[in-house]
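Quick notes on the structure that follows.
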Amino acid sequence: MNETIAATPSRPHVAEVESREELIYLLSRASELEHDLTCMYLFAAYSLKSDLPEGGMTADELEHVRGWKRKLACVAVEEMLHLAQVSNLLTAIGGAPHFRRSNFPVPATAFPFGIGLSLEPFSQVLIERLVGCEMPEDDVIRSFAPERQAELRALLDRVAVGMHDRVAAAPAVHTTEPYDVDFKTVPELYHKIESGFRRLPEEQLFIGPPEAQANPKYLDEGELIAVLDRDSALRAIEMIIEQGEAPSADHPEAHFCVFNTIRAEFEELTALARAQGRIFEPARPVVSNPVTRFSGADGGRTRITDPLAQEVADLFNSAYDTMLLMLMRFFAHIEENEEELRMLARGTLRMMASVLRPLAEALTKMPAGDAYPGKTAGPGFGYNRDVHLLAHKRSAWIFFLERIWELAGRTTLLAQDESAPPEIAEAAAALESVAEHLMPFVPSKDAEHIKTFACASAAEVSIRPELNGPYLVMNLPEMVNSRDEPLRTRPVVALCRCGGSALKPYCDGTHARIGFDSAKSPQRTSDQLKRYDGKEITVTDNRGTCCHFGNCTDHLPEVFGERPNGFVQPDAASKQEIVDIVRACPSGALGYVLDGLAYPGEQRAPSIVVSKNGPYYVRGGIDLHNTQRNDGASREHYALCRCGRSKNKPFCDGSHWNVFVDPDN
């Protein structure tokens, strides 16, 4: 379904832009639209299920749903790129980045293409609306085959309000607009903006400082264009149009094509399930337009009343507007040096990927309240406080640090609630990480006072492997690398186990992007404890627990190794030599019984060793929550996979050999 533009559309009804003021106004409206669409697409992605135990899907259908989830998230990231690009366009002509928008739902009359923007779970109605939001211009649609034209026009009739008379209705709908609203589609809005950059004198139009624009080297967005003149402005606009509504050779996966493909797949899978007497249910039962409190008329919003979900939703909103405040400060480029700009950019991206995402996923699994039986909550993308530029550098950075430590403390306490989804602890770890990275940029006295005041009190040391996510480590006192160099710990640390994080050993949210699966493989080595009785010592071994470090076979090969009569020859060495090897076994697969007493494990403080190119070696009896252990496995020490390839997750089975590279850093 990768249609390509066949002709240049004609737009006689769209008047050209005649002033800087009108161009700034239109770019501000475009910013609001891109921001709205980003939130809408992310909400749909978060509502999709991730695992078979959630029900309503076969294994094959789940793979499709996981693909839709990733594609929706990728489109949302590109919408954020568009928002950044529009911000550069605004800055170039003397305007300011615009991040304000209305809370959801946004009525169909807000934009002249007549489609309401709403936070709703994935459904047939929603995916059709998403296709409508990214619909190409009329002349482009006319270049499609007749049956495709009819299909798309019927879809528009279903999702849009007043589509047949949008231009005529626009003056009545937008009585407070300062300029004529004569564009009918998103591409026409951008082509109208394009007319301003073509029409207005170049030497007079570009008055903004080029150095104040967002630089792609900070945002990891290679396609972000610096707007320096008419040519670069036009290239930036065309990039936005092509990525969204107009597929080309450079952008074959335009958002319109992505959504239309998902729509077709959804219809096909739904029909197939119906023919089999089943109901295909890819989405969680999430409420629409969730809020934590009402102000005035509810306007189609759903108030979350479950106490825990309400607290998490409020945390999400606070983290969301904190992220926007940091983003505004980054785009304003007031006084910050290169290192500070990089910190703002990296902190913002980390907040998106590792704070907002897990909190949103958690909310879609939590009950919305007694008034909504069977329904779950969701992220509201609401402003808890006003979003505005913090203009003074020192106070802005102190404010950021204070807010993030506050959120980290609240989230850490919530994560300790046994009924809290594990994603909350993941978000807590990321918030603490961002706060720690902000510390050097704030006067030390202020920074330490803020941290001391906000940090949660100590509790038991534990590890909780998150489903398809990181290891959530609580209150770990010590973590070192293979050179025994200390690594930073916090009350909650999220450690990567998908193997893909760019911040190893810490999680950066990559597991969600790549679709990491934390399930054990049916092809793993079987769980079978064997007992080898010798004259002086009995050795126990479970090959299904072994991480294949090789210490036993390398240092006592006469005892340990694959032989016809078993892996262990307990009389081939002295009992002390065997005891020493068992005590050094990093996986806990080996044990012994001596004088009637079983090896209890070592007496040592809790710690984790991040091995070079290998697993996490856990020591000191750290509790491992929600994990079935093999027969005979040590509780005091064990090895956890961090390459993402083990067949015995969360435990290491040696799959990292020759495929996983992570030098100490």
Side-chain angles (χ1 to χ4, degrees), residues 36 39-57 65 68-69 72 102-108 116-130 159 266 270 273 278-321 355-384 410-411 414-415 417-427 467:
D36 285 336
C39 298
M40 189 173 169
Y41 299 164
L42 285 174
F43 191 94
Y46 296 143
S47 75
L48 287 168
K49 297 173 182 175
S50 301
D51 298 284
L52 277 179
E54 295 189 72
M57 301 174 292
V65 174
W68 300 345
K69 196 178 187 82
L72 283 164
S102 300
N103 276 326
F104 290 98
V106 179
L117 306 180
S118 180
L119 301 179
E120 297 179 26
F122 184 92
S123 67
Q124 179 71 35
V125 172
L126 179 74
I127 191 61
E128 288 190 351
R129 193 179 303 146
L130 301 192
V159 304
F266 178 63
T270 300
R278 299 184 295 109
I279 298 177
F280 176 43
E281 296 178 310
R284 298 164 184 147
V286 182
V287 297
S288 297
N289 303 307
V291 296
T292 56
R293 57 187 59 82
F294 287 142
S295 55
D298 59 35
R301 302 180 179 96
T302 306
R303 183 172 179 267
I304 298 170
T305 56
D306 178 82
L308 182 58
Q310 189 178 65
E311 177 68 14
V312 175
D314 193 57
L315 278 170
F316 178 92
N317 289 340
S318 296
Y320 168 64
D321 63 25
V355 177
L356 297 182
R357 179 196 52 75
L359 288 178
E361 290 281 353
L363 283 165
T364 62
K365 302 173 185 177
M366 302 175 73
D370 293 339
Y372 320 101
K375 295 287 188 178
T376 60
F381 293 96
Y383 299 134
N384 283 358
R410 289 168 57 194
T411 310
L414 276 180
D417 189 317
E418 290 187 358
S419 63
E423 292 92 346
I424 296 175
E426 181 186 345
L467 180 67

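These figures come from a predicted structure and were not determined experimentally.
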Start with the C-alpha gap between Phe280 and Val65, add the side-chain angles, then the distance that decides, and say whether side chain to side chain contact (heavy atoms under 4.5 Å, CB included) holds. CA-CA 11 Å; Phe280 176 43; Val65 174; 3.9 Å; yes

With heavy-atom distances below 4.5 Å as the criterion, would you say the side chains of Glu54 and Glu281 are in contact?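 SC-SC contact between Glu54 and Glu281 ruled out.
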
Student check: side-chain heavy atoms of Lys49 and Pro282 closer than 4.5 Å: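 Lys49 does not reach Pro282 side chain to side chain.
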
Report yes or no: does Arg129 contribute a side-chain atom to a donor-acceptor pair with the main-chain N or O of Leu117 at less than 3.5 Å?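 No, because the side chain of Arg129 does not come within donor-acceptor range (under 3.5 Å) of the backbone of Leu117.
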
Keeping the roles fixed (side chain from Glu128, backbone from Val125), state whether a donor-acceptor pair exists under 3.5 Å.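 Absent.
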
For Asn289, all residues meeting side-chain hydrogen bond (donor to acceptor under 3.5 Å, both in side chains), sequence neighbours excluded: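 Residues passing side-chain hydrogen bond (donor to acceptor under 3.5 Å, both in side chains) with Asn289: Ser118.
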
Who are the side-chain hydrogen bond (donor to acceptor under 3.5 Å, both in side chains) partners of Asn103, not counting sequence neighbours?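 Scan of Asn103 (side-chain hydrogen bond (donor to acceptor under 3.5 Å, both in side chains), adjacent residues dropped) gives none.
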
Residues Val286, Phe43; criterion side chain to side chain contact (heavy atoms under 4.5 Å, CB included); working and verdict: CA-CA 10 Å; Val286 182; Phe43 191 94; 3.5 Å; yes

Nearest heavy-atom pair of Leu130 and Met40: which atoms, and what distance?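 That would be CD2-CE, 3.5 Å.
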
Of all heavy-atom pairs between Pro367 and Asp306, which one has the smallest distance, and what is that distance?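 Result for this residue pair: O-CB, 3.2 Å.
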
NZ/NE/NH1/NH2 to OD/OE distance under 4.0 Å, Arg410 and Glu311: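 Salt bridge between Arg410 and Glu311, a charged N being under 4.0 Å from a carboxylate O: yes.
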
Listed by chain and number, what are the side chain to side chain contact (heavy atoms under 4.5 Å, CB included) partners of Ser288, not counting sequence neighbours?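 Expected list: Glu120, Pro121.
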
Partner residues of Ala44 under the side chain to side chain contact (heavy atoms under 4.5 Å, CB included) criterion, sequence neighbours left out: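 Expected list: Leu72, Leu126.
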
Quick one: ring-ring contact (aromatic ring centres under 6.0 Å, His included) partners of Phe316, sequence neighbours excluded?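 Phe381.
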
Sequence neighbours left out, cut at 3.5 Å: what donor-acceptor pairs do the side chains of residues 356-363 make with other protein atoms?
{"residue": "Arg357", "atom": "NE", "partner": "Ala353", "partner atom": "O", "Å": "2.9"}
{"residue": "Arg357", "atom": "NH2", "partner": "Glu426", "partner atom": "OE2", "Å": "2.4"}
{"residue": "Arg357", "atom": "NH2", "partner": "His511", "partner atom": "NE2", "Å": "3.2"}
{"residue": "Glu361", "atom": "OE1", "partner": "Arg284", "partner atom": "NH1", "Å": "2.8"}
{"residue": "Glu361", "atom": "OE2", "partner": "Lys69", "partner atom": "NZ", "Å": "3.0"}

Thr270 and Gln124: CA distance, side-chain angles, deciding distance, side chain to side chain contact (heavy atoms under 4.5 Å, CB included) verdict: CA-CA 10 Å; Thr270 300; Gln124 179 71 35; 5.5 Å; no

